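Step one of this worksheet: look at the structure below.
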Number of protein chains: 2
Amino acid sequence: MDKKRDISMAVIKRLPKYYRHLAELLRNDVDRISSKELSDKIGFTASQIRQDFNCFGGFGQQGYGYNVKELYNEIGKILGTDKEYNTIIVGAGNIGQAIANYSRFEKVGFNLKGIFDTNPKLIGVRIKDIEIEDVDNIDAFLGKNSVDIGIICVPANTAQKIADLFVSNGIKGIWNFAPVDLDVPEDVSVENVHLLESMLTLVYLMNEQKAK
Amino acid sequence: MDKKRDISMAVIKRLPKYYRHLAELLRNDVDRISSKELSDKIGFTASQIRQDFNCFGGFGQQGYGYNVKELYNEIGKILGTDKEYNTIIVGAGNIGQAIANYSRFEKVGFNLKGIFDTNPKLIGVRIKDIEIEDVDNIDAFLGKNSVDIGIICVPANTAQKIADLFVSNGIKGIWNFAPVDLDVPEDVSVENVHLLESMLTLVYLMNEQKAK
DNA sequence: TAGATTGTTAATCGATTAACAATC
DNA sequence: TAGATTGTTAATCGATTAACAATC
């Protein structure tokens with residue numbers, strides 16, 4: 001439908017960072033900023049910043065720079081923070097509960113609608129006014145409720161099964177905390193948070209430093 | 001000290017993924033694998049896999065491929081999983097507690113030595129046999145104990161302060177969950193887990209799909 | 001030995017940076 | 001108008017892929 005050429009993943013990964021820094025500028029009542037000033041703050045080159053923004057259209061004004069509020073709103077629209085997303089969490093262990101209680105959650109339009117687990121001790125417990133249900137109920141739940149994003153916080157060995165369940169029920173976005181690479185159709189988006197890989201990266205970087 | 005040319009971040013970020021897949025192969029009793037087979041499994045091209053490994057030395061054998069166990073151990077050594085790391089967590093909220101209870105933690109050599117928070121309700125509570133202490137005690141604690149990695153799970157507005165405290169006490173690795181970019185000296189390594197940015201990336205990708 | 005697959009060099013591709021004309 | 005800064009094209013840099021000689 002849309003015709004704009006594909007945006008590279010490198011650019012996409014920078015967008016949330018722009019969004020965060022612009023929010024901070026807004027809070028500090030800054031109302032205009034040049035690519036140079038933004039560069040000093042955020043650490044990307046001014047040239048890259050202008051290139052990135054121009055993937056989506058000309059948000060600036062020659063001789064002036066960018067209007068912070070306008071740019072913030074535009075990037076928000078590009079990211080999709082102007083919409084609401086119904087979500088469910090599968091796996092109410094440490095990570096699942098942390099995510100459920102994460103307050104910034106709602107700020108980007110995430111509405112938590114359900115939490116599921118297999119552990120009988122957890123089923124029935126309430127988190128944020130939501131009663132944890134048996135994983136066996138997910139299918140029926142998804143039949144009745146419209147859910148946009150499924151969050152996987154189960155162990156590695158069951159993650160793919162949950163992903164399949166999501167896919168067969170039409171969920172198009174998966175936020176995956178399990179240490180596996182999920183296999184899903186092309187039209188389903190997966191964003192991974194691989195904590196173990198993150199830890200290993202840190203450890204590598206530390207040892208590399210020490211070797212210098 | 002070490003003279004090997006700098007490894008690009010792109011390669012570094014792939015190492016933990018290799019490590020994870022090799023662990024899986026080991027568990028399945030696979031004892032040799034070619035770059036082509038690994039490519040089918042992991043999704044990188046065979047050429048890239050060979051290039052990556054050759055940043056660190058020739059781990060393979062022409063006509064044979066790679067010995068899984070040997071390669072796994074080599075990559076482990078490169079990453080630094082053969083060493084132990086004393087860690088502390090600052091911020092015992094949802095994320096901090098989840099990380100403290102995260103069982104894979106120890107598997108890569110992380111030894112949790114302390115947990116700190118400002119909340120009087122949390123101070124004194126035990127998590128994994130460790131009593132949560134007042135944040136004010138961090139400085140003294142770091143004076144007495146050798147800590148390699150500091151984990152920041154506090155809100156954005158105090159994260160930099162904690163990082164400064166870490167740096168002044170000689171901590172060289174920071175795992176940061178706060179939604180800020182920390183300012184630290186060059187010889188201190190920071191690995192960020194920015195959940196909010198991850199969510200926004202997912203939302204962008206979903207909307208991009210829908211537009212197609 | 002013949003076949004297979006690495007290690008490594010060369011070619012290609014894509015992303016970042018530099019430069020500058022357009023224009024507010 | 002003059003100065004500033006964007007939008008955009010061109011140049012550079014780096015990363016990925018292709019190719020193939022080396023060799024197990």
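What you see is a predicted model, and the numbers here were worked out from it, not measured in a lab. Quick note on labels: first sequence line is chain A, next is B, and so on, each numbered from 1.
- Between dT6(D) and Ser35(A), a contact under 4.0 Å exists linking OP1 or OP2 to a side-chain N or O.
- In this entry the distance linking CD1 of Ile12(A) with P of dA15(C) reads 10 Å, nearest Å.
- For the pair Arg32(B) CZ and dT6(C) C1', the interatomic distance rounds to 12 Å; values are reported in whole Å.
- Legend: side-chain hydrogen bond (donor to acceptor under 3.5 Å, both in side chains) pairs involving residues 47-66 of chain B, not counting sequence neighbours, sorted by first then second residue: Arg14(B)-Asp52(B), Tyr18(B)-Asp52(B), Ser35(B)-Arg50(B).
- Under 3.5 Å, the side chains of Gln97(B) and Asn101(B) contain no donor-acceptor pair of N or O atoms.
- Rounded to an integer number of Å, the gap from CG of Asp6(B) to P of dG14(D) is 11 Å.
- Summarising the geometry, the separation between CD1 on Ile7(B) and C1' on dG14(D) is reported as 14 Å, rounded to the nearest angstrom.
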Produce a footprint string for nucleotides 16-24 of chain D: one letter per nucleotide, 5' end first; B if the base is under 4.0 Å from any protein heavy atom, S if only the sugar-phosphate is, - if neither. SBBBB-BBB
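- Whole-Å rounding puts the Ile49(B) CD1 to dA15(D) P distance at 18 Å.
- With sequence neighbours left out, Asp139(A) forms a side chain to side chain donor-acceptor pair (under 3.5 Å) with Asn169(A).
- Each end of the helix from dG3(C)-dC24(D) to dC24(C)-dG3(D) gets its own rotation axis from five pairs of C1' atoms, and the angle between them is 10° to the nearest 10 degrees.
- Residues of residues 65-72 of chain B that place a heavy atom closer than 4.0 Å to DNA chain C, in numerical order, are Gly65(B), Tyr66(B).
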Pairs under 3.5 angstrom only: tabulate donor-acceptor contacts from the side chains of residues 81-90 of chain A to other protein residues two or more places apart or in another chain.
{"from": "Thr81(A)", "atom 1": "OG1", "to": "Tyr19(A)", "atom 2": "OH", "distance (Å)": "3.0"}
{"from": "Thr81(A)", "atom 1": "OG1", "to": "Gly76(A)", "atom 2": "O", "distance (Å)": "3.2"}
{"from": "Glu84(A)", "atom 1": "OE1", "to": "Asn111(A)", "atom 2": "ND2", "distance (Å)": "2.8"}
{"from": "Tyr85(A)", "atom 1": "OH", "to": "Gly80(A)", "atom 2": "O", "distance (Å)": "2.7"}
{"from": "Tyr85(A)", "atom 1": "OH", "to": "Asn207(B)", "atom 2": "ND2", "distance (Å)": "3.0"}
{"from": "Asn86(A)", "atom 1": "ND2", "to": "Ser146(A)", "atom 2": "O", "distance (Å)": "3.0"}
{"from": "Thr87(A)", "atom 1": "OG1", "to": "Asn111(A)", "atom 2": "O", "distance (Å)": "3.3"}

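- For residues 175-203 of chain A, the pairs satisfying ring pair (Phe, Tyr, Trp, His ring centres under 6.0 Å) are Trp175(A)-Phe177(A), with sequence neighbours left out.
- In this structure, the side chain to side chain donor-acceptor pair (under 3.5 Å) partners of Lys13(A), at least two apart in sequence or on a different chain, are Glu191(A).
- The salt bridge (charged side-chain N to carboxylate O under 4.0 Å, His left out) contacts involving residues 94-118 of chain A comprise Glu106(A)-Lys128(A), where partners must be two or more places apart or lie in separate chains.
- In summary, Asp187(A) and Lys172(A) engage in a salt bridge, as defined by a charged side-chain N under 4.0 Å from a carboxylate O.
- With rounding to whole Å, Asn54(A) atom CG is found 8 Å from dT6(D) atom C1'.
- Partners of Tyr204(B) according to the ring pair (Phe, Tyr, Trp, His ring centres under 6.0 Å) rule, which considers only residues two or more places apart in sequence or in another chain, do not exist here.
- Residues that satisfy the side chain to side chain donor-acceptor pair (under 3.5 Å) test with Ser39(B), not counting sequence neighbours, are absent from this structure.
- Residues that satisfy the side chain to side chain donor-acceptor pair (under 3.5 Å) test with Asn145(A), not counting sequence neighbours, are absent from this structure.
- Look at CD1 on Ile33(A): it is 11 Å from P on dT5(D), rounded to the nearest Å.
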